[in-house]
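Right, one structure below, let's go through it.
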Amino acid sequence: MIPIHDYDLIVVGSGPAGLAAAVSAKKNGVDSVLIIDRDVEPGGILLQCVHSGFGLETFGEDLPGPSYAQRYIQDAELLHIDFLMDTMVLDVTKDFSVTVSNEKFGIQIFLAKAIVLAMGCRERSRAQIHLSGTRPAGVFTAGTAQRWVNVEGLMPGKNFVILGSGDIGMIMARRLTLEGAHVNRVVEIMPYLNGLSRNYVQCLQDYDIPLFLNHTINNIYGKKRVEAVEIVRVDQNRKVQPETAEIIPCDTVLLSVGLIPENELTRKIGVAMDPITGGAMTDNCFETSSPGIFVAGNVVHVYDLVDYVTHDGTIAGEQAARFIQGHRKIHQKRIPVIAEDSLRYVVPQKICPETLQEAEIQLFMRVSFPMEYPVQIRAYSDQGDIFRKTLPYVRPGEMVSIQIPKTAHDLIQASDAIRLQILRKE
Amino acid sequence: MMNSQNLICITCPRGCSLTVSYDDQDQMIITGNHCLRGTAYAKAELTDPRRMIASTVRIHGGIHKMLPVSTNAPFPKAKIMDLIALLKSIEIDAPVKMGDVLIENVLGTGIAVIASRSMNQL
Amino acid sequence: MDSYDVVIIGAGVVGCLTARFLSRYQLRILVIEKESDVGAGTSSANSALIHAGYDPVPGTLKAAMNVRGNSMWDDLAGELDFDFERCGDYVAAIGDEEFQKLFVLKKQGEQNGVPGLKILSPDEIRKRIPNINQDVSGALYAPTAGICDTFAVTIAAAENAQANGVVFKFNTCFESFLMENHQIFGIRTDQGDICCKWVINAAGLYADEVMHMAGSHPEFQIHPRRGEYCVFDPACFQLDTVLFPVPSEKGKGVLFFKTTHGNTIVGPTSEFIDSKDDKAVSIQGLQYLEEQMKKLIPAADLRWTIASFAGLRASGNAVCKNRDVDYTGDFIVEADDSIKGLIHCAGIESPGLTASPAIAERVLQLLRDSGLVMIEKPVWNPFRKRRPCFRRLTNEERNQLIAKDPRYGRIVCRCEMVTEGEIVAEIHAPIAARTYDSIKRRTWCGTGRCQGGFDLIRVVDILARELNLSLEKINKKGVGSEFIVSETKNQGSGK
């Protein structure tokens, strides 16, 4: 007999998204809330992000990751939210049955009235970028190195080359340097920085770590442990220019080549997925195509700031509460939101016009390539213009947001779809 | 008269591109900032550059071996490596509460190193 | 000095199966292996196919060993408890010329004694494999072909050998023979000398070098031939069978094959290289795979892959002993011409895995013929049972397992559902897993989508704890491949 337990709401993942959703659900009247996480303590990825930069929008403070997490963990504890840690969720079904496994109790089943999925992301691996060469020890993703250094107090190398100018890569460049390692360079295949420019300044420039744009690692050498990498320049089509090859001795390669929303469980449920974000298709209440299954945080798409994760997780929790309380109309009208041109994607992919009666809707999007000039983002439909926003520049590494005002309710109700376009501002 | 300089503000994730130039009275003119924090940053960066520094220290008897710590204010860039050497040399005891001051007035700067999280005893 | 009757050089599939079959007899047997685990070489980096036997040239030792070996796998899998599925395979022809070749292959197979070969029409093969190239002109179907868990074969054979008294010494590298009057009285290794009268050279890529150390056949050379593979994400692409192209002079070609684990893999490439150590994956290899695979299944896309790896074939230049056959590159499974007590298994490339039980059987006969006294033990246990695999159990079975050992409740590798209990079991197995790669081969930990993203740190922790070693000593594949260089706060200059 597999033991079965009941909860009103189950949240999978105790990172900032899961914590925000759980706290929000409780504050909105949900009786029993359980957060499940495979790690030994709550906080998710924030626990290993010892650097600051969290909470500027939420609290007006510049907090380290663990501090930001702890504030929400404290809230959760005060609200009597239950935590089930060191536990792996094996399965989640459409009818809210959650099967878990842990050392203490083995396999158990939890039954809920709604679920919030907040599993975050995993890192893109070496194999996925088809990085040639031998397979010695010393090729790690930046997040693995981060956990070793910051949580376990271990150095995975002495002499690093970092592939990818994403935030994690840049942050680790600084962190490793502060711990006495030598970071030879950061290599980025695109002609522009992947992460936030502030990180270029405070992580690379500050420590004289060179950034090589339009370059990539072509080969890894080393039998047992990394001994060197071959770096090459790429042309405008990202094709390798072999004559530019340079061998750089090193003992570690850190990969910061992208995050992928971790949707093993989500896919098993069978909800509609967005192939571009890698996450579930969601509406502005963060409900998926399966009623009562909500999603929050990096599992939806890769956010750039934790503050927005908290913002959206809070909505997910609130809406999950409404669902549990029977206040949420299951078949309400949903209008697709379509990103056009050089907008790579927009989240949420659908909006419920009815919710505009209560609050504005925030849309998040990313551009496909940087535009270092003033641009205008325009939201419109067959019924006319909805909202415009001007920005001095846009970059893929920085999310862009746009608000749909409450006043747009009638127009949107009458629309077939909302379209988003981005144009150069003359 | 000094030439103009370009800076990226690091105060918030926006990363505004700032341009610092000088008028006839050699007064700093800062453009490109989205808010006043940018002006403050540019001034500081050119006269007294500072950074928030985060790291870890060894902790004895805690549920983990390392405790994340941070300066409680932006710290003078010139003294960062000295701060890091100092953090390398200390070990603190669990339990610790988030915000606990671990080192006061680091290297005479008036800035403290504080615990970024609470950590219970094993 | 340690003393044994028989020393086997190499703990690959040939060495381990030979040890296992030999363990039936009253002999003191030692297997020496230069790596830290069994099956560290070609035995763990191949297509894991049990070939039907239509491919080898009739009259060669390859052909004989292939077909005899193929017939032994049901019993072997039953006794040693590893995954084996006799699923059959297909050779698809595109165009008329290739279609004619299918008949040549069929005839060749029948000459080799392969049963059940059948030529299928384009409709039949399209029905069987709907996403096959629509220009397919027909296929050869071989019902006796199969797949296995190649690493499990080697570990199972080794464990059974050990349970029956065979001693294994790892991190022990053969250096030279100790001989007098063309008779072996021992071997020298980097861990000391060992007395023995009989030696079996199962040294894989290095079998030529061992042979030369005995002063034999300086003309025999092993030229490493690299094969690269790509593993598909099961969520993106799955083929539930084994699909070959028509073979060429390069070899069997790039094929699609399913694994006993549920993945689909495409490969191998075929490239002679210089180094016996170089298992790098290359851009050219990838490009070649892409080109070739699209000829069979045009819709297949390398963007759906989650891993790539390479294996090295021990391609030898031995001429077929059968004078009527004109073939270079045959197996050598022979007693040495002049040195008494030395048996060579050399040039064991494809169909090496398929042939391995037959090769072991042949080695035993060669030993007998050479005068080794082989008296059966009164008690010999041919059965070996596999350790529990959480992934395959029902929830009720899992709870029973967890009740006995709670560590089976903690999942360490999320993608492949590998538990701490299984990892600990491998570390304390009769032949211990002591490295990350060993754990990976035995449990499939880290082989899924995240490629070790979640499990690496935890496996390193578990290894350190269970082996009672500091974290800096835990490595990927032997000394020199450690993960951690030091603790933080201990750094010197960092350079």
Side-chain angles (χ1 to χ4, degrees), chain A residues 40-41 43 46-54 56-57 60-71 73-74 147-154 167 171 174-175 177-180 193 195-203 205-207 304-308 372 391-393 395 397-399, chain B residues 6-18 31-35 37-38 41 45 49-59 62-75 77-78 80-81 83-85 87-88 91 96-100 113-120:
Chain A
V40 296
E41 46 174 356
L46 289 176
L47 290 182
Q48 64 186 63
C49 296
V50 302
H51 51 280
S52 56
F54 304 91
L56 284 158
E57 306 263 338
E61 296 173 62
D62 190 1
L63 298 172
S67 306
Y68 188 96
Q70 193 161 320
R71 296 209 180 170
I73 296 167
Q74 274 162 193
R147 190 173 172 115
W148 260 328
V149 174
N150 291 339
V151 177
E152 318 247 335
L154 300 168
D167 288 320
I171 298 269
R174 172 178 63 185
R175 190 78 190 90
T177 305
L178 290 180
E179 287 297 336
L193 195 74
L196 301 172
S197 31
R198 74 191 297 228
N199 284 331
Y200 171 71
V201 173
Q202 60 189 357
C203 298
Q205 210 171 51
D206 276 4
Y207 298 94
D304 57 354
L305 288 192
V306 76
D307 304 82
Y308 303 137
E372 303 288 345
L391 293 167
Y393 55 79
R395 296 169 183 150
E398 294 158 35
M399 255 165 44
Chain B
N6 289 324
L7 293 173
I8 295 173
C9 180
I10 63 167
T11 315
C12 90
R14 244 195 143 99
C16 295
S17 292
L18 309 174
T31 52
N33 52 311
H34 192 252
C35 73
R37 290 183 296 181
Y41 172 77
E45 187 67 5
R50 289 173 176 248
R51 300 283 185 263
M52 288 295 282
I53 295 297
S55 184
T56 52
V57 296
R58 279 176 297 193
I59 180 166
I63 59 166
H64 292 299
K65 285 193 279 194
M66 308 305 294
L67 175 75
V69 301
S70 171
T71 54
N72 65 354
F75 192 83
K77 238 176 123 175
I80 289 176
M81 294 325 277
L83 167 63
I84 293 301
L87 293 177
K88 198 166 141 176
E91 187 178 24
V96 160
K97 273 206 140 42
M98 176 168 74
D100 275 356
V113 170
I114 62 173
S116 301
R117 59 164 285 175
S118 305
M119 192 174 287
N120 293 334

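Since we're looking at a predicted model, the values are computed, not measured. Residue numbering restarts at 1 for every chain, and letters A, B, ... go by the order of the sequence lines.
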Just how far is it from atom [atom1] of [X] to atom [atom2] of [Y], taken to the nearest 0.5 Å?
X: A:L63; Y: A:R71; atom1: CG; atom2: CZ; result: 4.5 Å
X: B:S55; Y: A:N150; atom1: OG; atom2: CG; result: 8.0 Å
X: A:E152; Y: B:H64; atom1: CD; atom2: NE2; result: 8.5 Å
X: B:D100; Y: B:S118; atom1: CG; atom2: OG; result: 7.5 Å

Given that the side chain runs from C-beta out, which part of [X] has a heavy atom under 4.5 Å from chain A: side chain, backbone, both or neither?
X: B:I63; answer: side chain
X: B:S70; answer: side chain
X: B:L67; answer: neither
X: B:I84; answer: side chain
X: B:T11; answer: backbone
X: B:I80; answer: side chain

Legend entry - chain A interface, residue from B:G15, B:C9, B:G99 that has the most non-hydrogen pairs under 4.5 Å: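 The residue among B:G15, B:C9, B:G99 with the greatest pair count is B:G15.
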Legend entry - Pairs of heavy atoms under 4.5 Å with chain A: top-ranked of B:L87, B:I8, B:V69: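 Looking at each of B:L87, B:I8, B:V69 in turn, B:I8 comes out on top.
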Legend entry - Residue pair B:P74 / B:M52, side-chain heavy-atom distance below 4.5 Å: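 Side-chain contact under 4.5 Å: yes.
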Inset, instruction - State, yes or no, whether a side-chain contact exists between B:Y41 and B:N33 at a heavy-atom distance under 4.5 Å. - result: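 Result no, sub-4.5 Å side-chain heavy-atom pair not found.
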Legend entry - Partner of B:E45 by salt bridge (charged side-chain N to carboxylate O under 4.0 Å, His left out), out of B:R50, B:R51, B:R37: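 So, applying the salt bridge (charged side-chain N to carboxylate O under 4.0 Å, His left out) to B:E45 and each of B:R50, B:R51, B:R37, only B:R51 qualifies.
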Legend entry - Portion of A:Y207 that has a non-hydrogen atom of chain B nearer than 4.5 angstrom: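 Only the side chain of A:Y207 comes within 4.5 Å of chain B.
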Legend entry - Engaged part of A:Y393 at the chain B interface, taking heavy atoms whose separation is under 4.5 Å: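 Contact with chain B involves the side chain of A:Y393 alone.
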Let's test your reading of the structure: which of [options] forms the most heavy-atom pairs below 4.5 Å with chain B?
options: A:L56, A:L178, A:N199; answer: A:L178
options: A:R175, A:Q48, A:R174, A:H51; answer: A:R175
options: A:D62, A:V149, A:V151; answer: A:V151
options: A:L305, A:L47, A:T177; answer: A:L305

Inset, instruction - Please determine if B:K88 and A:E179 form a salt bridge, counting it only when a charged side-chain N lies under 4.0 Å from a carboxylate O. - result: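 Result for this pair is no, no salt bridge flagged.
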Inset, instruction - Answer yes when A:D206 and B:K77 have at least one side-chain N-carboxylate O distance shorter than 4.0 Å, and no when they do not. - result: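 Salt bridge: yes.
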